[in-house]
Amino acid sequence: MKSKTKLLSLLLTLVMLLSPFGDAAYAVGQSAKADGSGYEELQGKVEGGREVFSFNVPEKKTSTSRRVRRNVPAQPANDTVVNLETTGLGGKDFDWDALPNQSFKLKAKWQTKDGQKHEKEVGPITKDGVREFNVGWPIDGTMDGTASLDAEYDQNIKIRVLFSSSSSEGAAGKLTFKITLQELANPIVNVSYVDPYGKELKKKDLPAGDMPNITSDDLTDVSIPLPKESKELNVRDSEDIDEDELAQAEGGVEYKVADKGDGEKITIGDKEYKLSVSGKDPKNPATISVVYQANVFVPERGDDGEYPAVPDGYVRLTFDANEEGGSNGRFNSLNETKKVVDVKDGLKYNNEELKQAIAALQPEALTAEGLPDEKKVFEGWKPEVPTDETAVVEAEYKATYGSKNSEQEVIPYVPADPTDPTNPDDNNVPKKDDDGKPVDKSQYVIVAFKVDDKDKDKGSLTLG
């Protein structure tokens with residue numbers, strides 16, 4: 001009888017020792033892998049500048065037993081395990097310089113049913129290995145929805161997260177994250193629309209119509225439409241991207257547009273563009289400059305006061321406001337004396353765009369004091385600019401000026417009032433000469449001729 005009492009007491013003691021651990025156990029996540037590993041892969045979602053990995057935090061099982069607890073171990077201080085592994089480009093060592101401040105940070109986030117939002121930093125982590133953290137996940141049923149681990153979204157890094165809510169780490173209820181950082185070739189492509197001088201295109205010069213695709217021989221299935229305006233693209237956004245190819249692109253990625261590469265031309269709608277595509281660089285964004293190839297450009301001076309170099313495939317026409325052996329001139333109040341027009345090689349002088357560009361150049365003559373000469377007017381260019389099908393070649397033209405008002409020595413007219421033929425205010429006094437130049441009456445005297453009455457039968461006067 002006595003031995004039975006001891007046996008019963010021993011069994012009761014074992015039950016009391018084991019029960020606290022049973023009460024502290026957690027339910028294993030429902031989405032754990034079926035292979036028995038206890039881990040599930042979390043799918044990241046990019047939100048702004050962060051990548052969010054959401055998961056369920058299991059609640060603590062509570063016991064309805066009224067047993068008296070003795071020697072119950074305290075909840076472990078560290079409730080989160082992060083097992084970090086890294087792989088560099090092409091399987092080489094991971095480049096920690098690829099991460100901000102050479103470290104990897106996580107933020108634990110969740111919301112409780114009282115509406116409060118909670119956040120705690122996990123890290124920073126600066127090398128591979130296993131680390132433990134005390135986050136304080138709510139396990140008492142107060143969790144509202146899912147929790148998440150957020151990481152700064154780095155476009156050069158692929159993050160893979162495996163999650164387990166089992167107690168396989170040896171402490172009841174620890175959440176375990178196996179995180180792999182895979183370095184990728186830089187997936188950013190900066191597309192810019194510019195003129196041949198590198199300036200951003202005006203809206204009217206941007207392409208319209210169906211856009212060609214951006215592709216790469218280094219990325220098997222990626223095909224992204226070229227944007228219709230300057231824009232930053234991320235090839236990781238493509239549904240067809242195989243990120244393993246980015247991980248193996250140790251030398252970087254080179255791109256094409258409509259199967260055309262650097263230096264080649266493409267036509268979009270009715271406009272022609274030339275491509276300037278950067279070479280391979282695994283660390284830095286790629287660039288695709290789409291350079292407009294208009295028939296005619298009238299460039300502006302740079303900050304140094306000089307015109308940009310003549311673009312490849314163009315010839316330059318120079319127009320000088322100073323008259324050869326005559327008056328000095330200028331094009332505007334900035335006292336610019338020269339303007340240039342860059343013309344696509346092979347274009348002819350009868351091209352309407354070219355004729356309009358030249359017609360817009362209207363210099364003015366200056367006095368010896370450098371002031372606008374009100375007595376002179378721009379008349380044309382020397383040599384005369386062709387307007388026929390002559391092909392444009394590099395050339396320079398100088399302005400020619402003439403008197404603003406008529407210099408015709410004699411301007412005949414028949415007065416409206418024959419009885420007062422020398423009246424300067426007579427309605428028939430010419431206001432312009434035969435060339436259309438204004439007549440300055442102050443520079444003329446009126447000489448009247450008439451046939452004497454007694455000689456009218458002998459003849460008459462003829463104008464001119």
Side-chain angles (χ1 to χ4, degrees), residues 18 20-47 50-63 72-88 94 96 99 103-112 117-154 157-183 243 247:
L18 291 172
F21 289 98
D23 290 345
Y26 293 82
V28 177
Q30 296 298 312
S31 56
K33 286 188 175 180
D35 61 6
S37 67
Y39 287 92
E40 61 171 315
E41 183 166 358
L42 304 181
Q43 297 301 316
K45 181 180 180 182
V46 177
E47 296 180 358
R50 306 194 69 81
E51 191 165 4
V52 180
F53 298 88
S54 299
F55 53 91
N56 291 310
V57 175
E59 296 179 12
K60 178 181 179 181
K61 287 185 177 180
T62 57
S63 173
V72 178
Q75 180 71 19
N78 294 328
D79 58 6
T80 304
V81 175
V82 175
N83 187 342
L84 181 68
E85 295 180 356
T86 56
T87 305
F94 185 80
W96 282 92
L99 290 174
S103 63
F104 180 60
K105 293 182 181 179
L106 297 167
K107 282 188 179 179
K109 293 183 179 180
W110 68 91
Q111 182 170 319
T112 47
K117 294 182 178 180
H118 304 265
E119 181 178 307
K120 187 167 184 178
E121 187 171 288
V122 179
I125 303 170
T126 56
K127 62 180 180 179
D128 298 22
V130 178
R131 290 169 180 76
E132 296 190 9
F133 303 92
N134 178 28
V135 174
W137 307 104
I139 58 175
D140 56 0
T142 61
M143 171 77 78
D144 183 15
T146 59
S148 70
L149 272 186
D150 295 10
E152 288 187 28
Y153 179 61
D154 191 297
I157 304 296
K158 177 183 178 181
I159 304 175
R160 184 170 183 244
V161 178
L162 299 178
F163 167 66
S164 174
S165 59
S166 70
S167 56
S168 60
E169 295 295 327
K174 275 191 177 179
L175 303 186
T176 304
F177 299 88
K178 289 185 177 181
I179 299 178
T180 302
L181 302 185
Q182 171 68 65
E183 189 178 353
E243 292 186 331

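For an aromatic pair to be called close, the ring centres must be under 6.0 Å apart, and F177 with F55 satisfies this.
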Residues V81, L175; criterion side-chain contact (heavy atoms from CB on, under 4.5 Å); working and verdict: CA-CA 6 Å; V81 175; L175 303 186; over 6 Å; no
Test log, rule side-chain contact (heavy atoms from CB on, under 4.5 Å), inputs I139 and V57: CA-CA 7 Å; I139 58 175; V57 175; 4.3 Å; yes
Criterion side-chain contact (heavy atoms from CB on, under 4.5 Å) on L99 and F94, from CA distance to verdict: CA-CA 10 Å; L99 290 174; F94 185 80; 4.0 Å; yes
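By the 4.5 Å heavy-atom criterion applied to side chains, W96 and F104 are counted as neighbours. Side-chain contact between H118 and T112 is present, with heavy atoms from C-beta onward closer than 4.5 Å.
The distance from atom NZ of K105 to atom CG of L149, rounded to the nearest 0.5 Å, is 15.0 Å. Here the straight-line distance linking atom CD of E85 with atom CD1 of I179 works out to 11.0 Å at 0.5 Å rounding. Expressed to the nearest 0.5 Å, how far CG of D128 lies from CG of L181 amounts to 8.0 Å. The CG atom of L42 sits 11.5 Å away from the CD1 atom of I159 when rounded to the nearest 0.5 Å. A distance of 13.5 Å separates CG in L106 from NZ in K120, rounded to the nearest 0.5 Å. Note that the CG atom of N56 and the CE atom of M143 stand 8.5 Å from one another [nearest 0.5 Å].
Every residue meeting the salt bridge (charged side-chain N to carboxylate O under 4.0 Å, His left out) condition with D150, not counting sequence neighbours, appears here in chain and number order: K109. Residues satisfying the salt bridge (charged side-chain N to carboxylate O under 4.0 Å, His left out) test with K107, not counting sequence neighbours, are E119. Partners of T80 according to the side-chain hydrogen bond (donor to acceptor under 3.5 Å, both in side chains) rule, which considers only residues two or more places apart in sequence or in another chain, are W137.
Residues D79 and G136 approach most closely at OD2-N, 2.8 Å, considering heavy atoms. E51 and Y153 get closest at one heavy-atom pair: OE1-CD1, 3.6 Å. Annotation for A147 and W110: closest pair CB-CB, 4.0 Å, computed over non-hydrogen atoms.
Residues R160 and E41 are paired through a salt bridge, judged by an N-O separation under 4.0 Å between the basic side chain and the carboxylate.
For K158 (side chain) and T180 (main-chain N/O), no donor-acceptor pair under 3.5 Å exists by modelled atom type. Of the possible polar contacts, none joining the N83 side chain to the V130 backbone as a donor-acceptor pair under 3.5 Å is found.
By the 6.0 Å and 45° rule, K178 stacks over the aromatic ring of Y39.
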